[in-house]
Each structure stands twice: as C-alpha cells, then as structure tokens.
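What's counted below: heavy atoms across the whole structure, side chains too, no hydrogens, waters or symmetry copies. Numbering starts at 1 and runs along the sequence shown.
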Amino acid sequence: MNALRIRRATLAVTAAAVLPLVLSACGGSDSKKDSSSSSSEAAAPPAAQSSAGGDTAMTDKPFGTACASVPKDGAGSFDGMAKDPVATAASHNPALSTLVAAVKKAGLVDTLNNAQNITVFAPTNDAFAKIPKADLDKVLNDKAMLTKILTYHVVGQKVAPKALENGSFDTLEKGKVTTAGSGTEYKVNDRANVVCGNVPTANATVYIIDTVLMPK
C-alpha cells in the first residue's frame, strides 16, 4: 500500500514538472511563428508600394541632371511650359535659344505649335556649339537643310519614358530615331544623351538632349 502511494506521488510530481515545460515550448514556438509571420506580412506591402511609387514618380515627372537649371516658377518653369505649345514653351528656356532661333529661321514655329501629341528631342545651346561654326552657319542659311535637320528631331506621337528603353520612332523628316537606356539615363541614336526628359508642354513631350541629331 505504501509503495502504491509513493508511486502515485512520484508520477504526480513528474507530471507537474514536465507539463509546464511542454506547454511553454509549444506556446513559444507558436508565438515566434506568429510573430515572424506577422512581421513578414507587415513588411511586404511597404516595399511593394515603395517600388511602385518610385516608378510612378519617375515616369510622371521631368528627370535628368539638366532639369535642376530649369526655373522654379514663371513661363520657363515646368508648370509654365506645360501651358504653352512646344515652340513657344521652348522660347522661355534660355538653354534652348539656339534651337528656337533655328526653328524661327526655318519657319516651323506654327507647324510645331499647331501639331498635336508630338515628341520633340530638343538640342541645347551646348549641343549646337559642338558643331563647327562654319558648318552651323551653312546649315542655318540653308532653309531646306535646316528644315530637314529640325524635323528629324520631331516624332509624330507622344513618347513616354518607358518607351525609350528600346525604341524606334518615325520622325516628321520621314527618317527614324532609336533610343535605349533605363531609369533616368537614355541615349538617342547612340550619340545624344537625354539631359532633361519628359518635359510637358501643351501639345508635346520634350526630351532635352546634349547633341544635335543628324538625319541619314
């Protein structure tokens, strides 16, 4: 009888000691799993939102190193240019004064301003300065040649930044321009760099470039 009581007492003590450990281990495992799962699920959405938000921000707004020199307000600002047709908008940007003078000399102001949904690859003053002065003067005084060169910079559709990654577009000059790149860095015809892209005007999207394109 005493032996039976001792045996029962021993089993009770053992159960009392082991049971809390088992429950603790199970609870700890579930807690860690729930915590890990919850943490993982909570972390995923912000990452996705950040990626999507970055792409949207990049494609919706002007981008490029030269964009920093555009005035913050007034007719020459991005908001100001968006209100005017492309030739008029370009005339408010001091960095495009040579291009604007060439457009006027070729008699293309009305053509560009009245066109709808076009894209203009606009060379900066520095781009024109790369051309030897004698050659540039010759082109500026040859209306047919000047018109050919300028209309080669115009595509008859609006081109979004994403389309520049591996693009080929018909120009008003009847030739083709090709584009390549990604993010905020793109080249046109493997020569000209886009230094300020996706600039909106009332009737066109403008990509400011650092080299004048020459039709073949």
Side-chain angles (χ1 to χ4, degrees), residues 55-67 69-70 75-128 146-216:
D55 289 344
T56 301
M58 189 280 288
T59 55
D60 284 353
K61 298 177 181 179
F63 61 85
T65 55
C67 290
S69 64
V70 174
S77 66
F78 292 129
D79 288 340
M81 291 178 71
K83 298 174 183 176
D84 290 321
V86 64
T88 302
S91 70
H92 298 310
N93 188 326
L96 301 176
S97 60
T98 304
L99 172 63
V100 172
V103 167
K104 289 179 178 178
K105 199 149 191 172
L108 293 173
V109 172
D110 290 340
T111 299
L112 294 178
N113 278 349
N114 293 328
Q116 294 300 313
N117 298 320
I118 60 175
T119 295
V120 177
F121 294 100
T124 62
N125 295 345
D126 289 341
F128 281 100
L146 183 59
T147 299
K148 182 178 177 69
I149 291 173
L150 292 176
T151 53
Y152 183 65
H153 289 73
V154 183
V155 171
Q157 67 185 72
K158 280 195 174 182
V159 178
K162 186 71 175 175
L164 296 179
E165 291 184 0
N166 184 22
S168 178
F169 308 100
D170 294 329
T171 70
L172 296 192
E173 181 269 337
K174 307 300 182 186
K176 280 186 180 293
V177 293
T178 59
T179 58
S182 63
T184 59
E185 297 185 2
Y186 296 95
K187 278 185 175 292
V188 185
N189 286 359
D190 293 325
R191 296 182 64 246
N193 295 297
V194 174
V195 294
C196 184
N198 203 34
V199 179
T201 72
N203 67 325
T205 299
V206 176
Y207 292 93
I208 300 175
I209 55 178
D210 66 358
T211 303
V212 177
L213 306 175
M214 292 296 179
K216 296 179 181 178

**Prompt:** Do other residues, nucleotides or ligands put more than 12 heavy atoms under 6.0 Å from the CD atom of Glu185?
**Reply:** no

**Asked** More than 12 foreign heavy atoms under 6.0 Å from CG of Asn166: is that the case here?
**Response** no

So [Y] and [X], do their side chains get closer than 4.5 Å, heavy atoms only?
X      : Y      : result
Asp126 : Asp210 : no
Leu164 : Lys187 : no
Tyr207 : Cys196 : no
Val154 : Leu112 : yes

Got a donor-acceptor contact below 3.5 angstrom from the [X] side chain to the [Y] backbone?
X      : Y      : value
His92  : Ser77  : no
Asn93  : Ala95  : yes
Tyr152 : Lys174 : no
Asp170 : Lys176 : no
Thr119 : Val159 : yes
Asn203 : Ala115 : yes

Identify the heavy atoms of [X] and [Y] that sit nearest to each other, and give their distance.
X      : Y      : value
Gly76  : Val70  : O-CG1, 3.4 Å
Ile209 : Ala127 : O-CB, 4.1 Å
Gly197 : Cys67  : N-SG, 4.2 Å

**By side-chain hydrogen bond (donor to acceptor under 3.5 Å, both in side chains) - contacts of Ser97 (at least two apart)** = Asn125

**Residues in side-chain hydrogen bond (donor to acceptor under 3.5 Å, both in side chains) contact with Lys158, at least two apart in sequence or another chain** = none

What distance do [X] atom [atom1] and [Y] atom [atom2] have between them, rounded to the nearest 0.5 Å?
X      : Y      : atom1 : atom2 : result
Phe121 : Ile208 : CZ    : CD1   : 12.5 Å
Thr179 : Asn189 : OG1   : CG    : 9.0 Å
Asn113 : Asp84  : CG    : CG    : 8.5 Å
Met214 : Arg191 : CE    : CZ    : 7.5 Å
Leu96  : Met81  : CG    : CE    : 6.5 Å
Glu165 : Tyr186 : CD    : OH    : 5.0 Å

**Fill in**
With Thr147 as partner, the option from Leu150, Thr151, Ile149 fulfilling side-chain contact (heavy atoms from CB on, under 4.5 Å) is Thr151

**Request:** Output, in order, the C-alpha distance, side-chain angles, deciding distance and verdict of side chain to side chain contact (heavy atoms under 4.5 Å, CB included) for Val155 and Val177.
**Result:** CA-CA 9 Å; Val155 171; Val177 293; 4.1 Å; yes

**Item:** Pair Thr205, Asn198: side-chain N/O donor-acceptor within cut-off below 3.5 Å
**Value:** no

